[in-house]
Amino acid sequence: MTNTNVVSARRVCKSFHDGSRTLQILQQVELEVTSGEQVVILGRSGSGKSTLLHILGGLLRLDEGEVYIAGKEMSSASVRSQGRIRNESMGFVYQFHHLLPEFTALENVAMPLWIRGGKDAKNAKTKALALLEMMDLVDRTKHYPHQLSGGEKQRVAVARALVGGPAIVLGDEITGNLDLENAERVLQLIESVRKELNTAFVLVTHDHAVASQMDRRLWLDRGKLQPYDQ
């Protein structure tokens with residue numbers, strides 16, 4: 001498969017105002033991620049890792065710079081256009097799974113395609129079932145979130161992030177609430193998805209065990225993003 005840029009962030013700046021103080025969180029951040037690449041962003045608490053992830057996903061406006069996702073400009077797009085880019089090209093996984101409690105595992109995974117509508121909506125359950133099978137959850141499709149273990153919920157969340165065939169998945173502390181065995185299982189699934197679908201992953205974490213399994217490690221400190229080789 002050819003590797004193309006699925007994330008291109010250039011000269012990204014972001015600050016927050018706290019009374020009379022201005023807190024500069026990101027300063028001229030540059031990031032390129034190619035298809036199928038696994039990138040992890042490390043840094044101290046409060047360094048701006050989640051802020052950067054939210055900017056890449058169009059969930060937070062930047063002050064300066066530009067962000068392209070799968071060749072489409074995200075940073076200056078309208079809210080509606082950003083939503084379309086997210087639905088078509090991106091997936092999200094967070095530390096807390098954020099599954100909808102009134103829907104089954106299968107319905108939670110199918111939801112992004114139902115929202116998209118059209119032909120995708122008609123095939124949503126078929127695609128959702130195939131992903132749940134990949135996640136070794138085919139016997140849990142009719143279970144509701146409260147009937148699933150923590151590791152199962154997170155695997156459902158990964159399946160939901162992948163159902164739309166995104167070019168890139170953004171993950172924020174995705175193993176933070178999991179024990180060692182389930183964390184390792186989620187990471188193995190990410191690796192198999194990368195090989196099978198050529199999906200890129202950008203993960204934010206404090207866990208160096210997670211970071212050691214990624215293709216590229218970056219360190220965010222004082223607003224700057226740089227290679228991390230420790």
Side-chain angles (χ1 to χ4, degrees), residues 6-7 33 35-36 38 50 53-60 67-75 77-138 140-148 150-175 177 186-187 189-204:
V6 293
V7 173
V33 181
S35 54
Q38 294 175 327
S50 295
L53 212 63
H54 291 160
I55 285 174
L56 295 180
L59 302 174
L60 190 62
V67 172
Y68 287 83
I69 301 295
K72 302 163 190 168
E73 188 169 7
M74 173 68 90
S75 44
S78 67
V79 171
R80 185 173 181 176
S81 295
Q82 286 180 333
R84 191 181 307 114
I85 293 168
R86 277 193 293 272
N87 186 263
E88 293 174 355
S89 302
M90 306 182 78
F92 293 87
V93 185
Y94 295 100
Q95 180 175 355
F96 301 99
H97 51 80
H98 296 304
L99 299 180
L100 299 171
E102 65 272 32
F103 294 98
T104 64
L106 183 66
E107 291 165 341
N108 265 282
V109 176
M111 193 65 66
L113 295 183
W114 286 336
I115 291 170
R116 187 181 293 181
K119 185 180 176 182
D120 286 318
K122 292 177 184 176
N123 298 326
K125 283 195 173 182
T126 303
K127 289 185 177 180
L129 187 58
L131 277 166
L132 286 170
E133 189 171 0
M134 182 186 289
M135 301 291 159
D136 196 22
L137 289 169
V138 73
R140 311 296 272 168
T141 56
K142 295 181 181 179
H143 287 67
Y144 290 87
H146 74 273
Q147 298 172 309
L148 303 173
E152 288 170 341
K153 289 174 187 174
Q154 197 64 318
R155 279 182 278 151
V156 171
V158 172
R160 181 180 58 186
L162 293 167
V163 74
I168 176 77
V169 171
L170 305 178
D172 196 350
E173 298 288 1
I174 65 172
T175 60
N177 281 331
V186 167
L187 290 173
L189 287 167
I190 285 174
E191 176 60 20
S192 66
V193 165
R194 184 264 289 269
K195 286 180 178 174
E196 189 166 336
L197 305 178
N198 209 31
T199 306
F201 288 82
V202 176
L203 305 181
V204 159

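Under the rule for a salt bridge (charged side-chain N to carboxylate O under 4.0 Å, His left out), E173 has no partner lying at least two apart in sequence or in another chain. For T199, the side chain to side chain contact (heavy atoms under 4.5 Å, CB included) partners at least two apart in sequence or on another chain are L162, V169, V193, L197, F201. Legend: residues meeting salt bridge (charged side-chain N to carboxylate O under 4.0 Å, His left out) with E191, ordered by chain and number and at least two apart, are R194, K195. Among residues two or more places apart in sequence or in another chain, the side-chain hydrogen bond (donor to acceptor under 3.5 Å, both in side chains) test is passed with S81 by S78. In this view, K72 and E88 satisfy the salt bridge (charged side-chain N to carboxylate O under 4.0 Å, His left out) rule, not counting sequence neighbours. By the side-chain hydrogen bond (donor to acceptor under 3.5 Å, both in side chains) test, R116 is found to be paired with N87, D120, residues two or more places apart in sequence or in another chain being considered. Checked against salt bridge (charged side-chain N to carboxylate O under 4.0 Å, His left out), E107 has no partners two or more places apart in sequence or in another chain. In terms of the side chain to side chain contact (heavy atoms under 4.5 Å, CB included) criterion, residue partners of L129 (sequence neighbours excluded) are, by chain and number, L106, V138, T141. Every residue was checked against the side-chain hydrogen bond (donor to acceptor under 3.5 Å, both in side chains) condition with H98, not counting sequence neighbours, and none meets it. Every residue meeting the side-chain hydrogen bond (donor to acceptor under 3.5 Å, both in side chains) condition with R140, not counting sequence neighbours, appears here in chain and number order: H143, E152.
Between the R86 side chain and the G58 main chain, a donor and an acceptor come within less than 3.5 Å of each other. In terms of modelled atom types and a separation under 3.5 Å, the side chain of S75 and the main chain of V67 share a donor-acceptor contact.
Across L132 and A159, no two heavy atoms sit closer than the pair CD2-CB, 4.3 Å. Minimum interatomic distance between S50 and D172 (heavy atoms only, all atoms of both residues): OG-OD2, 2.8 Å. Pairing each heavy atom of V33 with each of A200, the nearest pair is CG1-CB, 4.0 Å.
Taking 4.5 Å as the limit, some side-chain heavy atom of W114 sits within range of a side-chain heavy atom of K125.
Of the candidates T104, V156, L137, V156 is the only one forming a side-chain contact (heavy atoms from CB on, under 4.5 Å) with V109.
Heavy-atom contacts from other residues, nucleotides or ligands closer than 6.0 Å to CD of Q147 number more than 12.
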